[in-house]
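Read the numbers this way: they start at 1 and go in the same order the structure lists the ligands and their atoms. The structure displayed is predicted, hence computed values, not measured ones. Both backbone and side-chain heavy atoms feed into the values below; hydrogens, waters and symmetry mates do not.
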Amino acid sequence: MKIFKFGGTSLGSAERIRQVAEIVSNIEGDRLVVLSAMSGTTNTLVKIGNELRGNRANSAETLIGELEGTYRAVIEDLYANSEIKVTVNEIISEIFGYIRGFLINSFHIFAERNLLAQGELISSAIFYYYLLEKGVEADLISALEFMRIDKNGEPDEFYIKEKLEMLLKTPNKKCLTVTQGFICKNAYGEIDNLKRGGSDYTATLIGAALKAEEVQIWTDIDGFHNNDPRVVENTKPISTMSFDVAAELSYFGAKILHPSSVLPAKKNNIPVRLKNTMEPTAKGTLIILEDRIFGIQAVAAKSNITAIKIKSDRMLMAYGFLRHVFEIFERFKTSIDMITTSEVAVSVTIDDDTYLGDITDELRQYGNVEVEHEQTIICIAGNYTDDSSGIAAEVLHAMKEIPIRMISYGGSFHNISVLINTNHKTAALKALSTMLFVSGAQDAE
Ligand code: ASP
Ligand code: MG
C-alpha cells in the first residue's frame, strides 16, 4: 500500500485535478489518496467563521456565495458527463445549504469545526466523481469514520488502525481509495481537525496504521530545499534526508511538511517522499530513518518569535530556579523553542504568545523580565557529530554582519539555532546561502 497526499494547490483548479487523477491512476498497486481542501478554501472558511462569530452575517453570506461560485466554475470546467455534473452540483448545493444554515443558527466552537471540515469533504467528492467519470475504479471513504483524536488532541492510533483496516477489508474493495486529510472526530464524537496544515499528518498516520510501503506528499515544490525559496534565489532540492533533519526543518519554518507528520513515519520507519505536482518527474526529497550525509544540509527560518529574558541574582549558584521558570510555561501550555543561560539570566523563546502577559506576570517573582517581539529563529539543520569541527564556526562566520540575540548548539546532532531580529532575516538567509551552499563549502545533495 502506498499513500499519496495532495495539497490544496495541487487541487487548485480543474486542470490541476485532472493532473492529480492522472498521477494516481497511472500507478499500480494498492493506493490510498489523502486530499486537502482546494487552495484558499480553508482560509475562506476560517474568515466565514470569524464573520459569523462577530455577527456579521452579510459579510459571511458574501464570502459563502463567492466560495460556492468558485466550486460551480470548477465543476463546469472539470466534468464532461452531464449526469455526473448534476450529481456533483447537488452535493455542492447540499454542503452550501448546510454552511448557510450557520447564518441563522448560533455559531459556536462545534459549528466552527464542522464548517472547517467542509473544504476536504468537497474536494474529495469532486475528485472521486472525476475518477468515476474517467472510468478509474475507486472508493471514497470518510476520514470521519476512522480518524480520531483522544481527549488530549493526540491521534488515537489503535482506533485509527482498527477502523481503517476494517473499512479497507470490505468486499469488492477497489485498489484505489480516496479520503480526506485534516478532518477527524474527537474523543466526544464531534467533528474536529488535526490543526491547520494537518493533511500531511493524516497521510503519515494512515501510513503508520497500514504499515505502508511509502507515503508521498505532493505539493507545488520539488522537495525540501536547502534554503527558503521565498527569500533566497537558486535554492536546491535535497534528494535524501533523515526524519530527524526533516523534523527540525519543518518545525523551524520550512512550510512543505507539517511538523507533526514526521513522528508517525519515523516511529514506523515508513519512507516519506516529497513530490511536485507541477513537475511529477522531478526527484523530490526522500525522507528516511538514516542518511549517511554529514554536515550542513539546509536552512529554514521561523518568524513571529518572542524572546523572554529572566534575570535574577538569585540564580547565581542556585538550583531549582530553572524548574520554577519552566513550570510557569507548562502551566500556560506554552512550549519553549530555544533556551540559553548564563549564570544570572536565562533567555527563552516562544512562538505562541497567547498567555504572554500571564507568563511574564508570574516570571517577575523570580527576577527582572524583558520581552522582545519580532524575532526570527534561523535553523541550520544537518547531521553533525561529536567531532564535527568547524560547523558552528562556519555558521557564525556566514552571519558575521548580523546581530545575534541567542545561539543554541548541541541540543541535538541535527540543528544549530540562531535567534535574530526579524529585520535581519532576509540578509541572514542570503548570507548563509552564499557561504554554506553557493561558495561550495557544502554540497546540498
Ligand atoms: N485544508 C487544511 C488547511 O488548509 C489542511 C491542509 O491543507 O493540510 O489547513
Ligand atoms: Mg500543507
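- Proximity of E120 to ligand 1, defined as any heavy-atom pair under 4.0 Å, is confined to the side chain (atoms from C-beta onward).
- In summary, the atoms of ligand 1 found under 4.0 Å from a heavy atom of G198, numbered by their order in the structure, are 5 (C), 8 (O).
- Using a 3.5 Å distance cut-off with no hydrogens or angles, the side chains of R405 and S347 do pair a donor with an acceptor.
- Considering backbone and side-chain N/O atoms, S199 comes within less than 3.5 Å of an N/O atom of ligand 1.
- There is a side-chain donor-acceptor pair under 3.5 Å between T376 and T422.
- Counting atoms of ligand 1 from 1 in the listed order, those under 4.0 Å from a heavy atom of S36 are 6 (C), 7 (O), 8 (O).
- The OG atom of S417 lies 6.0 Å from the CD1 atom of I377; values are rounded to the nearest 0.5 Å.
- Using a 4.0 Å cutoff on heavy atoms, G197 counts as a contact of ligand 1.
- In this model, no donor atom of one side chain and acceptor atom of the other lie less than 3.5 Å apart for R230 and T426.
- Taking atom 3 (C) of ligand 1 as the reference point, the nearest protein heavy-atom neighbour is R196 NE, 3.3 Å.
- The two atoms that bring M38 and I17 nearest to each other are SD-CD1, 4.4 Å, heavy atoms only.
- Residue T42 has at least one N or O atom closer than 3.5 Å to an N or O atom of ligand 1.
- Within 6.0 Å of the NZ atom in K195, the count of heavy atoms belonging to other residues, nucleotides or ligands does not exceed 12.
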